[in-house]
Asker: 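Dumping the structure here so I can ask a few things about it.
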Amino acid sequence: MKIISCFVLLVGMFGFGCQDKHKQTAKNVNIQSKEFQDKLIEANKMYVRQESDEIDQYVAHKGWNMTKTGTGLRYMITFKGGGAQAKPEQYAKVNFKISLLDGRVCYSSDSIGPKEFIVAGDNVESGLHEGIQYMHVGDRAILILPSHLAHGLMGDEDKIPPKASVIYELELLSLKERVKN
């Protein structure tokens, strides 16, 4: 009986010791995870600043007077059309040319036709949703989307590489109200 009691006591102490060790390991993982997250956030902020500086240099080199929004989008209306202003939930039809800062043209309506999408509702670049809302029918504009407003870390897996800023040359052709069912 004494042997069994000692055995139970020993197993119990070992079990509690393991629990404490597990709690300690979990605590260390949480601390390390927080430190990793902080380092990742700081690295991302540094990349965003670097990309923003690169875009600013590009804009200065071109001599463009662009407006920068809080998200990092740059836009410039190059021709005023005078029509209705784009609003969320409308169908927008645009002529476009998408290029990279190095001048490579990725896509254009000249080769694939105008693009149609629901403003603030379709699966297109978030920077395009934001930028189109500064435009009126007939306007032409240049938008520069930093990578986080374009195709992000992955690119489009075709012509736009990962972490690429893109330049949209846009003409807002028309707007239609969305019919809701």
Side-chain angles (χ1 to χ4, degrees), residues 41 43-181:
I41 288 168
N44 193 48
K45 284 180 183 178
M46 189 171 69
Y47 176 77
V48 168
R49 281 191 300 269
Q50 180 183 352
E51 184 180 25
S52 183
D53 290 345
E54 196 175 294
I55 293 170
D56 289 341
Q57 289 172 12
Y58 180 85
V59 169
H61 175 75
K62 290 288 192 174
W64 291 341
N65 183 19
M66 300 191 94
T67 301
K68 180 179 177 182
T69 69
T71 64
L73 171 78
R74 275 74 162 187
Y75 74 94
M76 176 175 68
I77 306 298
T78 59
F79 179 82
K80 291 196 179 274
Q85 186 169 4
K87 296 182 181 110
E89 300 300 313
Q90 292 179 315
Y91 283 98
K93 184 176 184 178
V94 297
N95 277 330
F96 65 95
K97 181 169 86 173
I98 304 171
S99 55
L100 304 176
L101 294 180
D102 67 8
R104 282 185 286 163
V105 175
C106 301
Y107 304 100
S108 93
S109 54
D110 290 342
S111 59
I112 60 177
K115 183 180 220 168
E116 289 190 48
F117 62 96
I118 299 171
V119 178
D122 265 346
N123 189 22
V124 297
E125 301 91 327
S126 61
L128 181 56
H129 285 297
E130 180 184 354
I132 197 80
Q133 293 180 65
Y134 296 110
M135 296 179 68
H136 296 79
V137 174
D139 284 359
R140 291 188 193 122
I142 298 172
L143 311 177
I144 301 179
L145 286 58
S147 60
H148 68 275
L149 297 178
H151 295 279
L153 295 173
M154 300 300 293
D156 74 346
E157 298 180 359
D158 189 13
K159 296 181 181 182
I160 299 174
K163 296 200 238 178
S165 302
V166 296
I167 302 165
Y168 262 92
E169 294 177 44
L170 283 178
E171 178 183 12
L172 181 52
L173 299 173
S174 65
L175 294 168
K176 280 192 313 191
E177 292 302 319
R178 183 174 172 192
V179 178
K180 295 181 183 178
N181 295 331

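The structure displayed is predicted, hence computed values, not measured ones.
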Asker: Quick one: list whatever passes side chain to side chain donor-acceptor pair (under 3.5 Å) with Q50, sequence neighbours left out.
Answerer: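 Checked Q50 against side chain to side chain donor-acceptor pair (under 3.5 Å); zero matches.
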
Asker: Any chance the side chains of T71 and E130 put a donor and an acceptor closer than 3.5 Å?
Answerer: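 E130 and T71 do have a side-chain donor-acceptor pair below 3.5 Å.
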
Asker: Can you tell me how far the OG atom of S111 sits from the NZ atom of K97, to the nearest 0.5 Å?
Answerer: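 Separation between the atoms: 11.0 Å.
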
Asker: Check whether the side chains of Y168 and E125 place a donor and an acceptor atom closer than 3.5 Å, and report yes or no.
Answerer: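 Side-chain D/A pair, Y168 to E125: present.
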
Asker: Just checking, any donor-acceptor pair under 3.5 angstrom between side chains of R74 and S52?
Answerer: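 Side-chain D/A pair, R74 to S52: present.
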
Asker: Which residues pass the side chain to side chain contact (heavy atoms under 4.5 Å, CB included) test with Y58, not counting sequence neighbours?
Answerer: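 Expected list: K62, W64, L101, I144, I167.
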
Asker: Within the 3.5 Å criterion, strictly below it, is a donor on Y107 or D156 matched to an acceptor on the partner's side chain?
Answerer: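 Distance-only check passes for Y107 and D156.
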
Asker: In Å and rounded to the nearest 0.5 Å, what is the CG to CG distance from L73 to L143?
Answerer: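 Answer rounded to 0.5 Å: 5.5 Å.
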
Asker: I'd like to check M135 versus I77 (side-chain heavy atoms, cut-off strictly below 4.5 Å). Are they in contact?
Answerer: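 In short, these two side chains touch, coming nearer than 4.5 Å.
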
Asker: Hydrogens and angles aside, do Q133 and Q85 bring a side-chain donor and acceptor to less than 3.5 Å of each other?
Answerer: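 Note: Q133 and Q85 side chains miss the donor-acceptor criterion.
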
Asker: For a 4.5 angstrom cut-off between non-hydrogen side-chain atoms, does F117 reach V94?
Answerer: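 Yes, at least one pair of side-chain atoms sits under 4.5 Å.
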
Asker: Taking everything shown except D102 itself, do over 12 heavy atoms lie less than 6.0 Å from its CG?
Answerer: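 Yes - once you tally the heavy atoms of other residues, nucleotides and ligands closer than 6.0 Å, there are more than 12.
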
Asker: Taking atom CD1 as the centre, does I112 end up with more than 12 heavy-atom neighbours from other residues, nucleotides or ligands that are less than 6.0 angstrom away?
Answerer: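 Enclosed.
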
Asker: Taking atom OH of Y75 and atom OG1 of T67, what is their separation to the nearest 0.5 Å?
Answerer: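 One finds 4.5 Å between OH of Y75 and OG1 of T67.
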
Asker: Quick check for you: to the nearest 0.5 Å, what is the distance between E171 atom CD and S109 atom OG?
Answerer: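 So the gap between those two atoms works out to 8.5 Å.
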
Asker: Are any non-hydrogen side-chain atoms of C106 and V166 less than 4.5 angstrom apart?
Answerer: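 No; the side chains remain at least 4.5 Å from each other.
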
